[in-house]
Amino acid sequence: MILFWGIIIALIVWAVMALRGKGGNGGPDATGRPDALETLRERLAKGEIDEEEFRRRKAALDE
């Protein structure tokens with residue numbers, strides 16, 4: 001009986017975490033991978049691209 005409830009609770013926790021990852025908040029999606037805009041922000045922060053390139057690519061993503 002304890003094992004049954006443990007599995008049920010684990011499934012609920014997994015489902016909540018999976019749904020929370022799909023919130024579109026710029027963070028990782030349900031697969032754990034960052035979205036394109038987050039990757040673009042990281043590249044700007046690392047100095048891999050300049051602000052003009054960031055704006056151009058962000059505009060392309062917004063289309």
Side-chain angles (χ1 to χ4, degrees):
M1 187 66 156
I2 293 174
L3 180 62
F4 170 76
W5 286 110
I7 291 171
I8 296 297
I9 291 170
L11 285 173
I12 292 171
V13 169
W14 174 81
V16 168
M17 289 176 61
L19 290 174
R20 182 176 284 174
K22 293 182 181 179
N25 59 2
D29 62 9
T31 63
R33 295 179 308 206
D35 68 357
L37 186 56
E38 182 65 25
T39 302
L40 197 56
R41 287 181 181 133
E42 288 176 9
R43 291 188 65 197
L44 177 64
K46 291 178 185 177
E48 295 176 2
I49 59 174
D50 59 7
E51 288 186 42
E52 181 181 335
E53 180 70 15
F54 174 81
R55 287 188 192 113
R56 189 168 51 240
R57 290 181 184 221
K58 184 177 181 298
L61 288 173
D62 290 339
E63 291 179 357

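For the numbers below, each heavy atom of this structure counts, side chains included, while hydrogens, waters and symmetry mates do not. Computed from a predicted model, the values in this text were never measured in an experiment.
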Asker: Would a 4.5 Å heavy-atom cut-off, applied to side chains only, mark I7 and L11 as touching?
Answerer: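 The answer is yes, as the side chains (C-beta and beyond) meet within the 4.5 Å cut-off.
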Asker: What's the spacing between L44 CG and T39 OG1 if we round to 0.5 Å?
Answerer: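 If we round to the nearest 0.5 Å, L44:CG and T39:OG1 are 12.5 Å apart.
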Asker: With I2, which residues qualify under side chain to side chain contact (heavy atoms under 4.5 Å, CB included), at least two apart?
Answerer: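 So I2 forms no side chain to side chain contact (heavy atoms under 4.5 Å, CB included) with any residue.
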Asker: Should F54 and R41 count as side-chain neighbours, where that means a heavy-atom distance under 4.5 Å?
Answerer: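 A side-chain contact under 4.5 Å exists here.
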Asker: What heavy-atom pair brings K58 and L40 nearest, and what distance separates the two atoms?
Answerer: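 The pair with the smallest heavy-atom distance is N-CD2, 3.6 Å.
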Asker: Can you list the residues that meet the side chain to side chain contact (heavy atoms under 4.5 Å, CB included) rule with I8, with sequence neighbours excluded?
Answerer: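 Side chain to side chain contact (heavy atoms under 4.5 Å, CB included) check on I8 returns F4, W5, I12.
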Asker: Tell me, please, which residues at least two apart from D50 pass side chain to side chain donor-acceptor pair (under 3.5 Å).
Answerer: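 D50 satisfies side chain to side chain donor-acceptor pair (under 3.5 Å) with no other residue.
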Asker: Who pairs with E53 by side chain to side chain donor-acceptor pair (under 3.5 Å), at least two apart in sequence or on another chain?
Answerer: R56, R57
